[in-house]
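Take a look at the structure set out below.
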Amino acid sequence: MSAAAVDGPPSSQQPARPTVESVLQLASRDPSAAVPLLPALPPDALADLLCSLSAASPPNHLSLLPTLLSLSPNPSAASAAFSSLLNAPSWPSPTLLAVASLLRDLPVSFRSRVPDCLSKVLSLLPGADVQDLPTLAYQLLLLASKPLHPQLVLAGLLRFFGGRHGARVRAPPSIARQVEGTVLMHVAFAVKQDPALAREVVTAVKANAAGVLNGFAVAVLLSVARVRRFNDSAVGVLRDAATTSRRDYRTSRRCKWLPDRLKEESAEAAHCVEKALLKAVAESIGGREHVVPSIVQVGFLLLEASNGDPGDEDVPDEGVMSTEEIGVNMLKSLFETHEMARTEIIEQCKFRILSAKPQQSAPVLRLLGCLVRSHPFPMLEYVAHLKELLDYFAFMNDRISTGLINCILPLTKFSRDLKDYIILVVRKAMFKREDAVRIAATNAIVELIVTESEYRKNEANPFQDSSSQPSSSQQPEIHRVVGVELFQELSGLLRRCLSQQARVKTVLYEGLIRIVTSDPDVADNVLDFLWPHFLNYYIENAECPLKMDSCFKVENAKVCMVEPLDCLLSCVTCILRAQQNSKCHRPRDAYWKCFGFAPSQDNEVGRSSSRDLFMKGLSNIQKYLRKCLTEDQRGQTQEAGSASSSLEIVQCHNVFMPGIVEVFVDFAASKLAEAADEPKEKLEKEILELVDAHSGFERKTSKSREKVAPRRGDSRGATDRQTNEPKENSNASLLKLHEKRGEFMNSSLYELVVMCTKQYHADKYDKGSQRPSQSKLNQSSSLLSFVLKACLEMFRSLTAKSSGLAIGNLRRTLYEDVKNFAQPIVKLIWWFMLDSEQENGGFKKNTTQGKRTVENKKDQLYLALTCFKELFKLSVSEDRSSDIIDLLISSAPSNIEDMMEADQLHDNDTTVTENPEKRGAHVFLNILKMLYARALSQSLSRESEAVSELIFGISRKLHPDQRHLVGHWAAGLCRKNTVQSPTTAQEMVKLAVHLMTTPDDMILVHEMTTELKKLIAPGDEESVDSSEAFLIVNCKTKNSLVAVFLHMVESSLIELEWGLGKLKAMLTLGYGSSNVDEDQPADERMQRMFLEEAFYSRSTSVVHVLSSFTHMSLKDSQAEQFLKLTAKFYKLLARISKSQIAPKGYKQFIPGLKFQKMAEVTCRMLTAPLYNFVFTLQESEQPHKKRILAKIKRESKCIPDLIFQVEDYEKYLIQLSKLTKVNLLRHAKRSVARDFRIQPKEKAAEEEREGDSPPASAASPESDPEEDAEGPDVPADENLQASAQHDDAVQDYSESDGEEEEVLVHRKRANANQIVQDSESDGEEEEVLARRKRGKTSQMVQDSESDGEEEEMLARRKRAKTNQIIQDSESDEDAEGE
């Protein structure tokens, strides 16, 4: 036997006690096996083992920490050891991973240290090894699902992987993407296992979206959206983030008071959101395909959100996409990269086009068009889906159906089957009864023919250069034959349009012009198509070749249009001109000669072409118009050519004739360019006569338009029982149909402008040499008006076309054409606006000018300025306003500088004149200032408004400092110019206020409202007729200016409400970041301080403006609007005060000086005068008026709501004052103006007994000034018993000591117990007080349902209020006794 056996028992009978070394050795191999040995260690060994653990310990050793902390006999030593580990400056990556895994196993006593540990772990994530990041994220997600501080964990992960504050994965892009993909996989797995964690993820991302939504957060939400329960909330957060960022961007650009740094931040946030969304689509390849359905859903949600998120023309985009553009780009990229998503995208497009409203379907159609143009060959696989969509063509909105055809037509180049199906669908739709369906079908046929012609033309171009091969010369002809055959194939459907309504015919004629313009070789076929129809309204050898009576019919005493004859003639002339100007014009037998034979000559003998017949017919009509230029001859021909000489038919003739005259003016002007000198003079004379006749017809049309309105009072104006439509509007539909005439061709209008310029020079020369004839002056004036109107219509139509086109070659070409075409027009406008007669005498009537001539010159000046405005809009839409401005300046007269010097309009601003790019805008602004001053001096309202719009549009393109100078100039005009027109005064004030920078804009508004007080003073004060400081403020403009200033206050409140939302988001983000970073970042704190300062300053300026209205005697509607705006402002102030109160668990800070000043100014300048305003408003009521009942009902809603908002605001001020020990109510006053008054119980009972007395004795409580004067002199004890209003609390708080405050709190609690005695809930004191206020408010706003006299109703309301007062007084006495 050995010595060992003798000394002790065997090991199997008595195991060895564990030691620290043995436990650590075992933990290095298997930590789970070492944990059961820890209870066997002695206390000293546990303490030594706990102290040995540090940041440098192996991860397996650190896994023993939770058990050691729970077994430690000395809690202070355990806490010290844990603190030493926590306070280590840095942790290795294995230690970081070990701590993250053990946090969820910490003892209960150490759970309070988990936030500190999480903050440490999250702050050290950038230094961790890349391969450990997915495991770290997984451990943190397990901790969040415990749940232990899930918001803190998720916010930290989003902040780190999203790259906020410089934290990001430090690895190459490919490795970083793999790491993020693994983390996303962990997140997707965790949210599927734990739905509560999914809810926390959505909440965390939504809170983070208030700052900047990053790409990782978007990917997380897309993963969460795959869980059905959280699909709507997850995609809703992404949609709201996109729409909110765009709305914030536009609002920040409009807020002049917002700091520039915050404006830049809003633009950066908008860019970050769109980049994050597009990045999620780009990274959905390779491991992230599970988020593709979520991306499809988000993309279509953004398309839907675009309808409620319209763009703002006044706000520069700066490269910021709209929500529609983001959705289209997301879905287009997804369609390109993922084949599995294509079917779902097409199905969603089909479903939304068929089920959504027309305005909601338009973005989806634009998406479909982008897919067809960008990816035509993949779209061919979905022709069957498109056919299913076309089956509903006749049941869609006309715009949607037309847009659908335009989207699908590019595919017809590659699919003959789709083209045939479109023709079949359109053929069916042509036989529908609805006009809109027929119009859509007509547009579809035209688009199909035009598209086919363009394709054939593009395919024929490569063969034109190679003439060596025999077939190359024939190939273009074959394609043209195919284009002609398509027109002939569909001509049957088009011929059916000629027998339908006038609207359908108008659309057809416009479409035929487009067809011939795209392919001039079809012109002969189109003319052959139109000639038989033209014979229905044309007689060749008659004295009156036009059968005007056939163009109308009378049904049920209503004149209906059958044929738009002017549109038909315009269509024919445009086709003839396009055929004549065609460079590739070929004879009719060219199509047959390309096949080697010609048609039979027997059929051609003795047959004239349709072109020759139309030319002959137009010549006859032109001769007829020459014969009918005088008024007497025109009347004889109308009687001779009219089958029925009724007044309605004569009016219809007057409606049609201007359009017909325009057609022949256009046709004659097209010949001016190629005519010789002698024929050119004849053409010019003919044009002058036609234009003069056109003006005569327009005068007759305007007179008939004026006669329509007075008929509404006649017996004939009654509603017809059969048609259920007013009879007097029989001619109104014709006027509406012909308000928009056919547009002139650019070449014709150019020749007219040149002719007008020549005529202007001739008249100017005649004025200097000899007195011209009156008829010649009238013709020149008519020509000038005619040309200006035509130019205005052209600019407006081009602006509409430019806005509808995408940025591309077509839009740039359109702009270049306008630029080349605008120069002679601009010269003509300049010469007219700067006429020497306007310089000397203006538009004042003298011996040589009659009233009619003066009015014509005013109209021409307005047209010229409107042309300027539309031309500038066109240049702004293309972002080339500097080019147009340079063109305008180069075309100005040479003496323009002298004229500006005479008007002393040169500024001493060297920053603009030294910059060559801005010098043009500066010079043009000075010219506009001169025109504006002249228009004001001559009392030209419309003209001054047009110039002010131009000044405003150009000034918005300048730097804010330069814009501010223009605003000061406009403010000077408000001080020095007397304006009698309310509209002109409004535009001048808007120009001054909108162009001035903050705070000068609100200072100007406050100064002008202060002057308005003198004109709209209450009844007991003397008012003046005009202001001395601002001449624009007078008796004729005061009401319009009040409306403008109230609207400005409303706009400021909208901006302040948005700013408050941003401020609250910053405060919430600051509170949240204090848990993680222990302090909000310095840049965010500075931004919050800047925003608070600007916000409180703007609110103070609004207080100053509103205080001026409290001293005015406003009208009923304006007073009601003022009360509503003031209530809205106090509600905003209450939200501001509530936001200053720190949440529970956070330190309360003292409000800033700006906030304290705002509270002081509000209480002193607005609250106290506001009660006097309400008292005066109610005192001015006269019971004998009939409309007093409606006024009482309106005030019963406005005034109680205003009082409630005021007291709610003061309630939060009281709470904030208690928390910060700063008296914010030292300037608050007791309210004396009420709908009711608290009285002692005896007096209230006495008034109740007197309730049966005559109503005349029941006066309102506010009508007794003696009792109102006694109110403040009542002792304090009686006030506590008799008053239950919140304003007494304000007075007591500002004037009493601590004992009175305790009494007030005791009285509030007693009243609260009395109110909620039947309720089982014990809410807080503020909630009870608010409930009691709402109950009293609802009692005040109850409308009387009795039909008795108005005085009895008022007395009954008074008795009901008195009973309520008695009950409240008794409850107060009982509470005091207790």
Side-chain angles (χ1 to χ4, degrees), residues 16-28 30-125 127-128 136 139-140 142-144 146-153 156 1071 1073-1079 1143-1148:
R17 296 189 62 181
T19 61
V20 174
E21 292 78 8
S22 63
V23 170
L24 291 178
Q25 290 178 2
L26 184 59
S28 299
D30 187 6
S32 60
V35 171
L37 300 178
L38 293 179
L41 290 176
D44 296 339
L46 288 174
D48 294 340
L49 183 57
L50 186 60
C51 294
S52 65
L53 298 179
S54 64
S57 300
N60 291 344
H61 293 180
L62 290 175
S63 61
L64 304 177
L65 183 62
T67 308
L68 289 174
L69 293 176
S70 60
L71 295 176
S72 177
N74 190 356
S76 60
S79 178
F82 189 78
S83 299
S84 64
L85 176 65
L86 188 62
N87 296 329
S90 62
W91 290 352
S93 183
T95 302
L96 193 64
L97 182 59
V99 173
S101 61
L102 62 85
L103 286 178
R104 62 181 181 274
D105 297 329
L106 286 177
V108 178
S109 58
F110 285 86
R111 290 291 175 85
S112 60
R113 309 293 297 273
V114 172
D116 298 334
C117 294
L118 281 175
S119 301
K120 184 73 172 180
V121 171
L122 294 173
S123 62
L124 295 177
L125 280 179
L136 272 170
Q139 295 296 333
L140 291 175
L142 290 178
L143 179 66
K146 182 73 176 176
L148 283 176
H149 307 280
Q151 289 295 318
L152 185 59
V153 172
Y1071 290 134
S1073 62
S1074 63
N1075 286 338
V1076 180
D1077 300 331
E1078 297 181 357
D1079 196 7
K1144 293 182 180 180
Y1146 294 90
K1147 182 180 178 181
Q1148 177 65 52

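Here, residue 1 is the first one in the sequence, and each next residue gets the next number.
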Walk me through it: do Leu106 and Arg113 pass the test side-chain contact (heavy atoms from CB on, under 4.5 Å)?
CA-CA 9 Å; Leu106 286 177; Arg113 309 293 297 273; 5.7 Å; no
Side chains of [X] and [Y]: does their closest heavy-atom pair fall under 4.5 Å?
| X | Y | answer |
| --- | --- | --- |
| Leu71 | Pro39 | yes |
| Cys117 | Leu86 | yes |
| Leu140 | Leu118 | yes |

Non-hydrogen atoms of [X] and [Y] that approach each other most closely:
| X | Y | result |
| --- | --- | --- |
| Leu62 | Pro66 | O-CD, 4.1 Å |
| Leu26 | Leu37 | CD2-CD1, 3.4 Å |
| Arg111 | Arg104 | NH2-O, 3.8 Å |
| Leu85 | Ser54 | CD1-C, 3.6 Å |
| Ser101 | Ala98 | OG-O, 2.7 Å |
| Lys120 | Ala88 | NZ-O, 2.6 Å |

Can you tell me how far [atom2] of [Y] sits from [atom1] of [X], rounded to the nearest 0.5 angstrom?
| X | Y | atom1 | atom2 | result |
| --- | --- | --- | --- | --- |
| Leu41 | Leu68 | CG | CG | 8.0 Å |
| Leu152 | Ser119 | CG | OG | 5.5 Å |
| Leu69 | Ser109 | CG | OG | 7.5 Å |
| Thr67 | Asp105 | OG1 | CG | 8.0 Å |

Determine yes or no for a side-chain-to-main-chain donor-acceptor pair under 3.5 angstrom, with [X] supplying the side chain and [Y] the backbone.
| X | Y | value |
| --- | --- | --- |
| Lys146 | Leu103 | no |
| His61 | Ala27 | no |
| Thr95 | Ala55 | yes |
| Ser79 | Pro75 | no |
| Trp91 | Ala128 | no |

Determine whether Phe82 and Leu50 satisfy the following criterion, side-chain contact (heavy atoms from CB on, under 4.5 Å), listing intermediate values before the conclusion.
CA-CA 9 Å; Phe82 189 78; Leu50 186 60; over 6 Å; no
For the pair Leu64 and Val23, evaluate side-chain contact (heavy atoms from CB on, under 4.5 Å) and give the outcome as yes or no after the intermediate values.
CA-CA 10 Å; Leu64 304 177; Val23 170; 4.2 Å; yes
Do Asn74 and Ser72 get their side chains close enough for a donor-acceptor pair, meaning under 3.5 Å?
no
Given the rule in the side-chain contact (heavy atoms from CB on, under 4.5 Å) test, do Leu38 and Leu49 qualify, once you have shown the distances and angles that lead to the verdict?
CA-CA 10 Å; Leu38 293 179; Leu49 183 57; 3.6 Å; yes
